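Structure first, then comments.
In this text the structure is predicted, and so the values were computed from the model without any measurement. Starting from 1, each residue takes its place in the sequence as its number.
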Amino acid sequence: MFCGEYVQGTIFPAPNFNPMMDAQVIDGALQGFECNKDLLIDILTQRSNAQRQMIAGTYQSMYGRDLIADLKEQLSSHFKEVMVGLMYPPPSYDAHELWHAMKGAGTDENCLIEILASRTNGEIFQMREAYCLQYSNNLQEDIYSETSGHFRDTLMNLVQGNREEGYTDPAMAAQDAMVLWEACQQKTGEHKTMLQMILCNKSYPQLWLIFQEFQTISGQDLVDTISDCYDGYFQELLIAIVRCVQDKPSYFAYKLYRAIHDFGFHNKTVIRILIARSEIDLMTIRKRYKERFGKSLFHDIKSFASGHYKKALLAICAGDVEDY
């Protein structure tokens, strides 16, 4: 993060909020032959997550039905994923994404990397609790059984949510930078373990110092060095951690750009980042996206998505004409 910079989301609590009125409008929108998708977008993308939870509670008590279940039943395709995704509290949404990344044939390693490399200790703790409640499974055990090698070791370390917080120690930073340099040269199992222990357990301010020391010692950027020395998902995870320490909104801007341009609009990734970051730093992510890639996020979503799905994504993105 740029020092002292204030990050901002795109979705804020609606003023004059009336959950009963919203519940009634949503019920009306879901009834009838043609579901009124515009109304759903207008309400669900213009309320904070806490307000959406209140709407769901009111809806349940007024109509005796579960709003998420009704949205799943009435909607389809990617538009359904967006509307349903907005209804989960943030820890439940992370848990939902991790569960779907691991269940069934194959594992979506990119989803595991993106979530576990970027979340704070508190977010990881709440996500583990939500995972256990929703799926009666242990998140650590599932990650252990679905992954392998040093990639697994690093994920298992991150999911503990034991990163140090706050303090910095310049002398220790110089020492750890040497360890990182050696780990990138020698690449033994022991060195890989030392490398991931530093990246998973040191505080963000301490890692800033370590990265600066690393640059001084090696004359290289740590991301470039890791790219040269390692490969596979282990490499991708280490780079994701480093990028999140350096500047989290830039990391997500990069992930969105790749999801839109390199993967022919990878819907799951775009939906997940927009929803998960909407109240944290999506406005800042939009700013980084424009600075780095020239075109705005709003423009790129508009070019690649369509219909009510596009309309919902753009509403979360909260772009406007100037953003073109």
Do [X] and [Y] sit in the same hydrophobic cluster, where Ile, Leu, Val, Met, Phe, Trp and Tyr count as joined when their side-chain heavy atoms come under 4.5 Å apart?
| X | Y | answer |
| --- | --- | --- |
| Ile280 | Ile273 | no |
| Leu139 | Ile124 | yes |
| Val25 | Leu86 | yes |

Got a sec: does the [atom1] of [X] have more than 12 other heavy atoms crowding it under 6.0 Å?
| X | atom1 | answer |
| --- | --- | --- |
| Met62 | CE | yes |
| Phe125 | CZ | no |
| Tyr144 | OH | no |
| Lys310 | NZ | yes |

Does the pair [X]/[Y] count as a salt bridge with the N-to-O cut at 4.0 Å?
| X | Y | result |
| --- | --- | --- |
| Asp94 | Arg119 | yes |
| Lys192 | Asp153 | no |
| Lys103 | Asp142 | no |
| Lys295 | Asp300 | no |

Between [X] and [Y], is any pair of side-chain heavy atoms under 4.5 Å apart?
| X | Y | value |
| --- | --- | --- |
| Cys111 | Lys268 | no |
| Arg288 | Phe252 | no |
| His266 | Arg258 | no |

Practice item. Determine, using ring centers only, whether His150 and Tyr230 are less than 6.0 Å apart. Key: no
Review point. In terms of the angle between their ring planes, are Tyr309 and His78 parallel, tilted or perpendicular, with boundaries placed at 30° and 60°?
Key: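 The rings of Tyr309 and His78 sit tilted, inter-plane angle from 30° to 60°.
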Exercise for review: Is it possible for you to check whether Arg243 lies under 6.0 Å from the centre of the six-membered ring of Tyr254, through NZ or CZ, and within 45° of that ring's axis?
Suggested key: yes
